[in-house]
Peer 1: 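Here it is, the structure, as structure tokens.
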Amino acid sequence: MQVIDKEPRIIVALDFPSRDTALELVAQLDPRLCRLKVGKEMFTRLGPAFVETLAALGFQIFLDLKYHDIPNTVAAACEAAADLGVWMINLHATGGRRMMEAARERLEQRAERPLLIAVTILTSLSEADLAEIGYPGTPEDNVLRLAGLAHYSGLDGIVCSPREASAVRELASDDFLLVTPGVRPASAALDDQRRVMTPLQALEGGADMLVIGRPITAAPDPLASLQSIQKEIAGFTPAARRR
Ligand code: C5P
């Protein structure tokens with residue numbers, strides 16, 4: 001497992017329909033204060049060239065494409081992402097242990113590799129949705145089981161909701177990275193997020209890194225918003241975590 005530099009802990013989600021609006025926002029941010037997340041929408045529209053443009057501006061990129069396929073195909077996709085020079089990538093833990101191990105093993109052949117984390121259960125799925133696709137138990141039961149499988153498969157961490165972070169943290173070692181969206185500064189609008197936590201609450205509850213979109217990207221002054229969230233979490237030390 002490689003040593004993970006958790007600073008800066010904020011990952012700004014770039015969810016824009018166009019390259020120009022995204023780059024206009026990025027020009028106002030500072031790579032010393034945040035990383036950037038590129039997801040399926042922007043990657044499908046703009047492709048690898050957009051990721052390379054962001055990287056050339058000095059940002060570390062989380063390429064959020066949530067791979068899920070047979071082991072060989074996912075391993076090859078991870079290798080292609082690594083060739084782009086991104087900092088972190090992800091896949092679905094429900095692709096199974098062999099898929100996760102194949103991806104991790106392919107990446108480990110490189111001198112430098114992106115971090116590899118897993119999505120466990122999408123937070124959009126309810127217990128009834130899970131029953132319908134044949135997963136018994138609550139979403140949290142499933143998250144914990146799949147988090148354990150991701151850990152066992154040698155992944156660097158998982159994406160999870162801040163509500164799940166403390167339960168996962170109790171099971172996983174401290175170097176297992178928990179990346180949480182669904183975070184809202186105390187002063188911000190909820191948008192379509194429901195069960196949110198503030199950035200500091202999320203870190204104290206066990207999260208390591210925070211994916212934050214609209215509270216920064218839709219703010220009148222995105223850099224000021226980023227700086228104010230940084231200030232909110234500046235005093236956090238892992239030792240302060242509730243146990
Ligand atoms: O604007 P907002 O802060 O809600 O953006 C959060 C980002 O995290 C979006 O890119 C969203 O797709 C992603 N995400 C999420 N909830 C999850 C998984 C991912 O909000 N459970």
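Counting convention: from 1, in listed order, for ligands and their atoms alike.
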Peer 1: If you measure every N/O of D191 against every N/O of ligand 1, is any gap under 3.5 Å?
Peer 2: no

Peer 1: I want to know if ligand 1 touches G213 in the polar sense, i.e. an N/O pair below 3.5 angstrom.
Peer 2: yes

Peer 1: Below 4.0 angstrom from a heavy atom of R184, which ligand 1 atoms are there? Numbered from 1 as shown, please.
Peer 2: 1 (O), 2 (P), 3 (O), 4 (O)

Peer 1: Would you indicate which of V119, T123, V38 comes nearest to atom 17 (C) of ligand 1 when only heavy atoms are counted?
Peer 2: T123

Peer 1: Do you see a donor-acceptor pair shorter than 3.5 Å between the side chains of S173 and D175?
Peer 2: yes

Peer 1: For ligand 1, note which part of D15 has a heavy atom under 4.0 Å away: side chain, backbone, both or neither.
Peer 2: side chain

Peer 1: Could you list which atoms of ligand 1 come closer than 4.0 Å to a heavy atom of P181?
Peer 2: 8 (O), 14 (N), 15 (C), 16 (N), 17 (C), 18 (C), 19 (C), 20 (O)

Peer 1: Has ligand 1 got any nitrogen or oxygen that is less than 3.5 angstrom from a nitrogen or oxygen of K37?
Peer 2: yes

Peer 1: Can I get a per-line list of side-chain donor-acceptor pairs under 3.5 Å for residues 24-32, giving both atom names and the distance, sequence neighbours left out?
Peer 2:
from : atom 1 : to  : atom 2 : distance (Å)
Q28  : NE2    : E24 : O      : 3.2
D30  : OD1    : R32 : N      : 2.8
D30  : OD1    : R32 : NE     : 3.2
D30  : OD2    : R32 : NE     : 3.3
D30  : OD2    : R32 : NH2    : 2.8

Peer 1: So W87 and F62, would you call those rings parallel, tilted or perpendicular, with 30° and 60° as cut-offs?
Peer 2: perpendicular

Peer 1: Kindly compute the distance separating CZ (R104) from CG (D156), expressed to the nearest 0.5 Å.
Peer 2: 9.5 Å

Peer 1: In chain order, what residues pass the side-chain contact (heavy atoms from CB on, under 4.5 Å) check against E105, with sequence neighbours excluded?
Peer 2: E101

Peer 1: If you compare all heavy atoms of I233 against all heavy atoms of P199, which two are closest, and at what distance to 0.1 Å?
Peer 2: CG2-CB, 3.6 Å

